[in-house]
There are 2 protein chains.
Amino acid sequence: MRIGELAAASGTTTKTLRFYEHAGLLPPPKRTSSGYRDYTTAAVARLDFIRRSRTAGLTLAQIREVLDIRDAGREPCQHVHDLLQTHLHDLDRQIADLQELRHTVAHLHDRAATPDPTDCDATTVCRYL
Amino acid sequence: MRIGELAAASGTTTKTLRFYEHAGLLPPPKRTSSGYRDYTTAAVARLDFIRRSRTAGLTLAQIREVLDIRDAGREPCQHVHDLLQTHLHDLDRQIADLQELRHTVAHLHDRAATPDPTDCDATTVCRYL
DNA sequence: CTTGACCTTCCCCTGCACTGGAACGTCCAG
DNA sequence: CTGGACGTTCCAGTGCAGGGGAAGGTCAAG
């Protein structure tokens with residue numbers, strides 16, 4: 001299977017596939033006599049895993065950790081569990097930060113609901129921020 | 001006032017000040033005979049506005065818009081109000097997206113609570129993702 | 001035999017907001 | 001007069017996940 005076929009089968013691009021190979025997420029495939037990459041169907045499953053992981057918001061570095069464990073012949077399940085737990089905490093913190101920011105911005109927005117430009121002096125630029 | 005003093009007075013760095021000047025956020029100040037930047041106290045107020053705007057999560061491009069309006073001699077208050085409204089909607093969308101992602105990840109995490117590695121085959125890498 | 005689709009490697013570019021460092025000039029205290 | 005703290009310009013890199021495009025090789029169809 002050539003790189004274009006794999007890209008179509010996995011819903012990505014040839015650029016991304018070469019990038020993943022360079023980033024250590026995809027093992028370098030065999031080459032045809034003319035130098036073309038020649039993938040097995042295992043690559044489709046691997047790319048599906050990568051896609052699922054990306055959907056879950058994992059970074060390529062985190063995904064590579066999991067793949068490295070699997071490629072070393074071990075079961076990555078426990079590591080995946082830990083990773084998801086950390087990720088969950090990260091998400092909670094991000095959400096809390098954004099909600100706090102939203103609160104601040106909503107307050108500023110209310111204050112600026114009936115702006116009185118004469119109240120804003122040029123040195124302060126705008127008092128509603 | 002030299003660049004180091006302004007940096008100290010505004011709680012930032014000389015690197016950032018030169019970067020802001022280059023980015024069009026700070027007007028190029030006068031220079032001393034030896035070529036040193038020589039700021040007035042107005043720069044402190046302007047940097048305070050930039051700091052407040054950054055705290056509200058605005059990008060430098062958005063802040064520059066506001067500054068450009070003020071520098072053109074107009075009152076930026078209405079534009080600030082519109083900007084805050086757009087920003088509020090962006091934040092709502094970001095929060096909603098993150099909450100949806102959190103749901104997905106929480107579900108995956110629960111599924112992986114009692115991982116059974118024998119259930120994971122190598123081609124799938126890990127079924128808990 | 002040639003056209004066009006596909007493949008190869010290579011390096012640079014994107015957005016965001018800076019940060020690091022090199023190579024050099026200036027200023028003040030001791 | 002020398003050392004150190006400050007200033008100057010300019011170039012490059014950071015993290016993230018690729019994308020753009022050049023210059024060339026390969027392959028099947030017409």
Side-chain angles (χ1 to χ4, degrees), chain A residues 1-26 28-40 43 46-47 49-67 83 86-87 90-91 94 97-98 101, chain B residues 1-26 28-40 43 46-47 49-67 83 86-87 90-91 94 97-98 101:
Chain A
M1 169 182 247
R2 290 187 309 181
I3 196 169
E5 296 173 77
L6 179 57
S10 59
T12 181
T13 67
T14 61
K15 279 286 189 188
T16 299
L17 295 181
R18 291 194 198 94
F19 174 73
Y20 281 179
E21 180 178 329
H22 187 74
L25 291 163
L26 275 184
K30 277 175 218 153
R31 299 293 182 121
T32 67
S33 56
S34 58
Y36 286 13
R37 285 173 180 80
D38 191 15
Y39 294 97
T40 67
R46 197 175 176 99
L47 281 166
F49 173 78
I50 295 175
R51 189 195 50 71
R52 294 197 313 273
S53 304
R54 294 282 303 132
T55 302
L58 298 185
T59 66
L60 295 188
Q62 290 171 324
I63 299 170
R64 188 174 44 203
E65 280 181 18
V66 177
L67 290 169
L83 207 50
T86 304
H87 192 32
D90 286 352
L91 286 173
Q94 283 178 48
D97 287 352
L98 278 181
L101 180 58
Chain B
M1 169 181 243
R2 290 187 308 181
I3 196 169
E5 296 172 76
L6 179 57
S10 59
T12 181
T13 67
T14 61
K15 278 286 189 191
T16 299
L17 295 181
R18 291 193 198 93
F19 173 72
Y20 280 179
E21 181 179 328
H22 188 73
L25 292 163
L26 274 184
K30 278 176 219 155
R31 299 292 182 121
T32 66
S33 56
S34 58
Y36 286 14
R37 285 173 179 81
D38 190 16
Y39 294 97
T40 67
R46 198 174 174 99
L47 282 166
F49 173 78
I50 295 174
R51 188 194 51 70
R52 293 197 313 273
S53 304
R54 293 284 301 132
T55 303
L58 298 186
T59 66
L60 295 188
Q62 290 171 324
I63 298 169
R64 189 175 43 203
E65 280 180 19
V66 178
L67 290 169
L83 207 52
T86 304
H87 191 33
D90 286 353
L91 286 172
Q94 283 179 49
D97 287 351
L98 278 181
L101 181 58

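All chains are named by letter (A, B, ...) in the order of the sequence lines, taking the proteins before the strands, and each is independently numbered beginning at 1.
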*Asks:* Compare every heavy atom of A/Ile50 with every heavy atom of A/Leu25, then report the nearest pair and how far apart it is.
*Replies:* CB-CD1, 4.1 Å
*Asks:* Has the side chain of A/Asp38 got a donor or acceptor atom that lies under 3.5 Å from a matching backbone atom of A/Arg31?
*Replies:* no
*Asks:* Are any non-hydrogen side-chain atoms of B/Gln94 and A/Gln94 less than 4.5 angstrom apart?
*Replies:* no
*Asks:* Check DNA chain C against residues 13-21 of chain B and give the residues with a non-hydrogen atom under 4.0 Å, in numerical order.
*Replies:* B/Thr13, B/Lys15, B/Thr16, B/Phe19, B/Tyr20
*Asks:* Are the side chain of B/Arg2 and the backbone of B/Leu6 linked by a donor-acceptor contact shorter than 3.5 Å?
*Replies:* no
*Asks:* Go nucleotide by nucleotide along DNA chain D from the 5' end; which of A/Ala61 and B/Ile3 gets its closest nucleotide reached first?
*Replies:*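 The 5'-side residue here is B/Ile3.
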*Asks:* Would you name the heavy atoms of B/Ala56 and B/His87 that are closest together and state the gap between them?
*Replies:* O-NE2, 2.8 Å
*Asks:* Can you name the side-chain hydrogen bond (donor to acceptor under 3.5 Å, both in side chains) partners of A/Arg52, sequence neighbours left out?
*Replies:* A/Asp48
*Asks:* Quick one: closest heavy-atom pair of A/Val66 and A/Phe49, and the distance?
*Replies:* CG1-CZ, 3.6 Å
*Asks:* Can you give me the closest heavy-atom contact between A/Leu101 and B/Thr55, atom names plus distance?
*Replies:* CD1-O, 3.4 Å
*Asks:* Checking side-chain contact (heavy atoms from CB on, under 4.5 Å) for the pair A/Leu60/A/Phe19: CA distance, chi angles, key distance, verdict?
*Replies:* CA-CA 11 Å; A/Leu60 295 188; A/Phe19 174 73; 3.6 Å; yes
*Asks:* Just do the side chain to side chain donor-acceptor pair (under 3.5 Å) check on B/Thr12 and B/Ser10 with the steps written out, would you?
*Replies:* CA-CA 6 Å; B/Thr12 181; B/Ser10 59; 5.4 Å; no
*Asks:* Return the angle between end axes of the helix from C/dC1-D/dG30 to C/dG30-D/dC1, with five pairs used per end and rounding to 10°.
*Replies:* 40°
*Asks:* Walk along DNA chain C from 5' to 3' and tell me the first and last nucleotide with an atom closer than 4.0 Å to a non-hydrogen atom of chain B.
*Replies:*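 It runs C/dA17 to C/dC27.
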*Asks:* Under a criterion of less than 4.0 angstrom to any heavy atom of chain A, what are the 5'-terminal and 3'-terminal contacting nucleotides of DNA chain D?
*Replies:* D/dA17 to D/dC27
*Asks:* What are the two closest heavy atoms between A/Pro29 and A/Glu21, and how far apart are they?
*Replies:*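 Looks like CD-OE1, 3.6 Å.
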*Asks:* If you pin A/Tyr36 and B/Leu60 to their nearest nucleotides in DNA chain C, which one's is more 5'?
*Replies:*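 Its nearest nucleotide being more 5', the pick is A/Tyr36.
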*Asks:* Search all heavy atoms of A/Arg64 against all heavy atoms of A/Ala23 and return the closest pair with its distance.
*Replies:* NH1-O, 2.6 Å
*Asks:* How would you list, by chain and number, every residue that makes a side-chain hydrogen bond (donor to acceptor under 3.5 Å, both in side chains) with A/Glu65, sequence neighbours excluded?
*Replies:* A/His79
